[in-house]
Amino acid sequence: MLDIKKLRENPEFFRTGLKAKRAETKLDEILANDEKRRSLVTETDLLKAIRNKVSKEIGDLKKNKADASDKIEEMQELGKKIKAMDNQIAELEDQLNSILVTLPNLPHESAPVGFSDTDNVEVSSWGKKPLYTFELKDHLDIAENLGILDMPRGAKISGSGFPLYMGKGARLERALINFMLDFHVEKHNYIEVYPPFLVNRDTAFGTGQLPKMEEDMYLCNADDLFLIPTAEVPVTNIHRDEIMKESDLPKKYAAFSGCFRREAGSYGKDTRGLSRLHQFNKVEMVQFTKPEESYTVHQKLLQDAEDILQTLGLHYRILNLCSGDLSFAAAKCYDIEVWAPGTHKYFEVSSVSNFEDFQARRANIRFRRESDQKVEFVHTLNGSGVATPRLVIAILETYQQPDGSVVIPEALRSYTSFDKIEK
RNA sequence: GGAGAGUUGGCCGAGUAGGUCGAAGGCGCUCGCCUGCUAAGCGAGUAUACUGUUAGUAACGGUAUCGCGAGUUCAAAUCUCGCACUCUCCGCCA
């Protein structure tokens, strides 16, 4: 949620930012509405002050057995007026809010201005594309050949985009989750979290999924609960409506969760194998920081995610997303794309975002400064650390052997208990 | 799923024949005093949001908030209705 006070003070700044984010701006409507609302509030508060005062007088009169009927009558009239004005205010607030909640966060100044993913800027990379002396297969061919992934049966059970891992494939999936979670907890000092996978509307609103992205989530209608698209949603909401201690910041959480996405409108794109799924697993890192620290933390968060790929020996590149490609709530975001030699493509395995106070405003997450006891919104950040399906793609394709088998990266072997997947 | 009890400020906990209750008291915390040190003691302070005056993120004022929402009333923490959550018992179940 954008800050209406700042918007009031500097609308042009917001207009420029929103335009870079490719958002429709109705700022004039918001500002006019806000103006009207404030004058009404002032007026109504004045009347309420009178009512409070006179009501006390009535109480005193009655106690002294004196006649108060004149005043009561007066207040009856006043009460009607107040009620009408309160209704008007509520209506104005509804209107104002309905627009405000659909406005995305502004891009940070260090995010390149641009329209689409072609304007994203590669800022760094690690490792390089490995060379092979034999003909490469893509992950689906490898996996089917090894019998570790059964997409047709997944489709039979649930529909397309629901993977069914079998045997060593299932074990590899579980190993990756444990490896990544242990890694972040033990090496990067995150607090491990195991969150609910179903969340209510307030929670989905807090991180910015609602109201605009409702169509992208699975809804359990009978209970009005959403299947989470990422652990970011429940984990960020841990501190919803709370005032945190300054000394608790930065707060670092790492959580595994299943992720469920309807991927509405993306049919026909990246459909092969594990590249785009309705259900997948991910370890997510979430941090709460003081405003002045968030961009330093953002860099560290990126490193924490990179660390996973480096340890697994996978080549990747990092993109600084342009304003137009940033998600609704993000001010800045790095995407990490891992190289898949068989598909000959980079796949996004992690998004590392700084939301500044955008989510904190929506979810009302604040902290108290020790110096002056003032309350402020925290900054929230998160990064995938990382999502498994495309990681599996990269592992299978990178470590495939001429005979169709796949060698397990060293760091994973204590988790898989095997060092090779073969027929 | 059925029946009952509950939800007050950072915590504990008063407060129901509606009125001076943003809310007693205690604990905690902050500042000051006192004191070889510590502890104890004494004094003061200790919510958030919106809004106004103002050059002011300073100061002062107003409004709202006692789980959430609506209602009754001149006036509601206190009455009525709906909802959420917690606890207990029964049923069901991994």
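We name chains A, B, ... by the order of the sequence lines, and we start the count at 1 in each one.
- A salt bridge does not link A:K156 with A:D150: none of the charged nitrogens is closer than 4.0 Å to a carboxylate oxygen.
- Using C1' as the reference atom, B:G28 and B:G13 are 14 Å apart when rounded to the nearest Å.
- For A:K5 and B:C50, the shortest distance from a side-chain N or O to OP1 or OP2 is below 4.0 Å.
- Atom P of nucleotide B:U51 and atom CD1 of A:I4 are separated by 9 Å, given to the nearest angstrom.
- In this structure, A:R362 is positioned above the aromatic face of A:F205, its NZ or CZ under 6.0 Å from the six-membered ring centre and within 45° of the axis.
- For B:G52, one of the phosphate oxygens OP1 or OP2 lies less than 4.0 angstrom from a side-chain nitrogen or oxygen of A:R38.
- Here B:A64 presents its C1' atom at 16 Å from CG of A:L40, a figure rounded to the nearest Å.
- Between A:R368 and B:A47, a side-chain N or O to OP1/OP2 separation shorter than 4.0 Å is absent.
- Distance A:D202 CG to B:C85 C1': 13 Å, rounded to the nearest Å.
- The phosphate of B:U63 has OP1 or OP2 within less than 4.0 Å of a side-chain N or O from A:N52.
- Listed pair A:R51 / B:A75 meets the phosphate criterion, a side-chain N or O lying under 4.0 Å from OP1 or OP2.
- In this structure, the CG atom of A:D224 is 13 Å from the C1' atom of B:A84, given to the nearest Å.
- At a threshold of 4.0 Å, the pair A:R37-A:D34 counts as salt-bridged, since one of the basic side-chain nitrogens sits closer than that to a carboxylate oxygen.
- With both ends at atom P, the span from B:G9 to B:U72 equals 28 Å, rounded to whole Å.
- Using a cutoff of 4.0 Å between basic side-chain nitrogens and carboxylate oxygens, A:K80 and A:E77 are scored as salt-bridged.
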